[in-house]
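As structure tokens, the structure follows; a few thoughts come after it.
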Amino acid sequence: MSNKALFLPACALAALLPGAAWAQAPVSQTRAEAAIPEPRQVLALLDRTAAAQIAILRARQMGLGPSAIEDPTVNWVSAAFYTGLGRLTRVSDASDGTAFLRAVADHYNYGLRGDALDHARLDADNIAIGEMYEELYSRSAEPGAIAPLRQRLDWTLPYLTVEPAPKRLVWWWSDALFMAPPVMARMSAQTGDLAYLDAADTQWWRAHDRLWSQADGLYFRDARFIERRSRNGAKVFWARGNGWVMGALPRMLEAMPAEYRSRGRYIETLRTMAASLARLQQADGLWTASLLDPRDPAGPESSGSAFFVYGMAWGINHGVLDRNTYLPVVLRGWRALEGAVQPSGLLGYAQKTGDQPWPTQAADHALYGTGALLLAGLEVMKLGQPVQGFPVAEPALPSRRGWGPPVQQPPRPGMTEAELANHRRGFAERQAVYDLAFEPARDMAGQVRADGVVNPRVSLPLTPPADRTGRAKVSFAPYRYDDILWENDRTAHRIYGPALEAFEPPSTSGIDAWGKNVVWPFMERQLKTGKQHDFHGEGIDFFNAGTTRGAGGLGVWQDHKLWTSRNWAKYRILKDGPDAADFTVDYAPWPVGTQRKVWETRRFTLPLGTNFTRMVSTFGSDAKRPLLVTVGLQKAPTEQGKATFVADRTSGRFTIWTPEDPDKGAMGVALLVDPAMIADVVDDFDNHLVILRVEPGKPFVYYMGATWSKSRDFHDRAAWEAYVAKEKPSFKAP
């Protein structure tokens with residue numbers, strides 16, 4: 001025990017003796033508030049610790065065959081340190097941490113371990129390094145910083161979300177919850193694609209269901225420990241195993257949207273764990289390696305303790321944990337961590353790599369221990385500040401550096417003729433690279449946009465109109481077989497008329513959707529090129545309505561069959577902009593089965609500033625009984641195959657998102673219907689169909705909207721679905 005006295009006061013030393021009590025020493029709120037350390041003092045310790053750790057790593061090998069434990073690598077041991085270091089460099093770069101992180105990332109070419117086996121590619125330990133790449137991407141906006149990581153995560157998604165859940169877990173040990181889920185949550189925050197967070201969420205709760213002890217409010221390290229007991233008969237809850245989870249929860253909540261489906265469960269888990277851990281804190285301020293048995297092994301364990309302090313301090317700072325209850329726990333823990341920092345500047349008593357409680361010594365240091373200390377200290381620095389909200393927005397990406405011609409550096413004084421010749425040759429070579437190499441930002445000017453989106457290949461560029469203000473417009477196009485076109489500053493649609501029935505039978509009363517990336521009208525000029533399906537610089541038509549319901553066309557459901565009208569028979573334009581496109585069409589009577597006919601009048605209204613057209617439909621019938629009217633979405637509206645369909649009957653929201661075409665991008669469509677009218681949601685061969693109960697002669701309202709991934713507004717499925725979720729439609733009929 002003598003080495004432990006290096007940092008512990010005499011009154012605390014007794015707590016490490018066999019049989020020592022675990023109870024907290026009571027600390028009043030007043031005393032606790034007064035004991036909050038000065039942020040600059042905390043920061044000085046963090047800078048010193050980070051600099052000491054970096055100096056050791058810089059002196060070690062970073063190359064082939066490195067030590068997976070002590071050298072700078074891309075494995076989980078190093079990754080935990082990089083995570084803490086990256087956050088430290090947001091507030092202080094006194095340790096030169098940013099340069100060090102970039103050097104490591106460049107050395108390993110932003111790569112990940114796990115190329116040999118599928119199991120290794122799924123291994124959460126091999127994903128943990130992604131946090132460093134995401135941190136560097138947030139400062140550089142260089143896509144290459146997260147390209148290998150995103151490719152790996154994309155590959156994992158089907159395995160992480162497979163249904164039904166396999167018997168064996170993908171992430172079967174508690175440590176995994178620190179390593180991968182926060183990386184995936186942040187990838188969603190940086191890209192707007194919720195698929196990564198959804199997959200991480202799925203695996204988190206599968207692991208939780210397997211490893212969580214409801215009775216103890218703690219996680220077993222893995223399934224082997226559920227029935228295992230210490231030498232003294234206590235359940236075995238490993239400090240660092242639970243520390244990994246406490247270190248993950250704040251990072252998940254920082255990146256997770258406020259309205260995310262299971263956000264409340266993460267908050268409740270953090271609160272439950274904090275309550276359990278507060279009761280188990282030793283009188284010295286730290287926790288023991290085996291949380292329920294401080295004698296097996298005896299002595300403090302600092303890496304788990306640092307994660308506990310981090311999680312609780314974060315909870316206080318973000319209003320998740322009660323300040324009066326947990327501030328004394330955090331401050332006592334932080335003081336003990338300060339005392340555990342050795343003369344070398346590194347945190348002592350950090351249990352070595354392993355999977356269960358093990359004794360520690362003052363000289364035991366670990367990269368993950370340093371990383372945990374940095375995370376804890378950064379939150380302790382904020383304890384005197386007002387409560388902060390979350391999620392925490394990703395920083396705005398900086399402007400990417402442009403590629404300019406090389407600058408000729410003046411020759412050094414005293415150069416020989418040979419050195420001058422080589423100096424000139426080197427500059428000429430750099431100039432040749434600039435003159436001859438393809439650079440997308442320069443050579444695809446007009447195709448690579450300021451927002452980073454790459455437009456499709458341009459065919460016959462349209463000449464923009466003189467008036468380029470945003471406006472809504474509706475047009476009758478007899479030159480294009482009686483199409484009716486309507487658009488606003490965000491979206492564009494058309495329906496087909498009677499002339500097309502004769503030219504292209506069978507035609508359809510479905511709705512076509514176009515993408516656009518300008519605010520002014522473009523549909524008529526595009527149609528008149530004769531190549532409507534090409535990209536001419538302002539919008540594109542690659543959504544294939546065909547004979548389907550397309551993007552929200554109607555029909556009637558009877559005898560498990562869809563009965564649809566022909567093209568519109570009459571139209572009337574009510575308002576041709578500039579603030580709204582507004583028109584009505586009539587559909588001539590059509591049979592429903594052999595005993596009934598129906599007909600329809602529908603009003604279409606598309607204001608500026610929205611992707612949704614408001615539809616008011618009134619069905620007539622030669623029979624009085626109610627109808628089952630369908631609103632449909634085409635299953636595979638682009639050449640890339642079937643779209644992803646998301647149905648939420650409770651809210652009446654239905655979306656599709658098509659697979660990405662390498663050149664043209666993807667289309668998204670959504671329906672908003674009155675949940676009270678929904679009778680069922682079914683499929684036929686071509687369509688997803690929402691079936692509504694409708695009374696003949698009684699108007700009803702629904703909304704149809706669409707977007708394009710290369711529009712100005714929504715570039716991916718997550719952004720589109722988030723927009724749809726926030727809409728507040730009115731279904732009150734006129």
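Everything numeric here is computed off the predicted structure, so don't read it as measured data.
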Exercise. Sequence neighbours excluded, which residues qualify as side chain to side chain contact (heavy atoms under 4.5 Å, CB included) partners of Thr658?
Worked result: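 Thr658 satisfies side chain to side chain contact (heavy atoms under 4.5 Å, CB included) with Pro637, Thr638, Ala643, Ala666, Met667 only.
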Exercise. Under the side chain to side chain contact (heavy atoms under 4.5 Å, CB included) test, which residues partner Asp576, sequence neighbours left out?
Worked result: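 Asp576 satisfies side chain to side chain contact (heavy atoms under 4.5 Å, CB included) with Arg471, Lys473, Val474, Ile573 once adjacent residues are dropped.
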Exercise. For Phe522, what residues pass the ring-ring contact (aromatic ring centres under 6.0 Å, His included) criterion, not counting sequence neighbours?
Worked result: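 Scan of Phe522 (ring-ring contact (aromatic ring centres under 6.0 Å, His included), adjacent residues dropped) gives Trp514.
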Flag for [Y]-[X]: side-chain donor and acceptor within less than 3.5 Å:
X	Y	value
Ser459	Asp534	yes
Asp586	Thr601	yes
Tyr196	Arg150	yes
Tyr260	Asp198	yes
Thr469	Asp467	yes

For this session: Kindly write out the residues that satisfy side chain to side chain donor-acceptor pair (under 3.5 Å) with Ser617, not counting sequence neighbours, or none if the list is empty.
Result: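 Partners of Ser617 under the side chain to side chain donor-acceptor pair (under 3.5 Å) test: Glu600.
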Problem set entry | Sequence-distant partners of Trp520, side chain to side chain donor-acceptor pair (under 3.5 Å), two or more places apart |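 Testing Trp520 for side chain to side chain donor-acceptor pair (under 3.5 Å), a comparison that skips the adjacent residues, returns Glu538.
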For this session: Mind telling me whether Phe645 and Phe654 have parallel, tilted or perpendicular rings, with 30° and 60° as the class edges?
Result: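 Parallel: the ring planes of Phe654 and Phe645 meet at under 30°.
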Problem set entry | All salt bridge (charged side-chain N to carboxylate O under 4.0 Å, His left out) counterparts of Glu163, not counting sequence neighbours |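 Glu163 satisfies salt bridge (charged side-chain N to carboxylate O under 4.0 Å, His left out) with Arg206 only.
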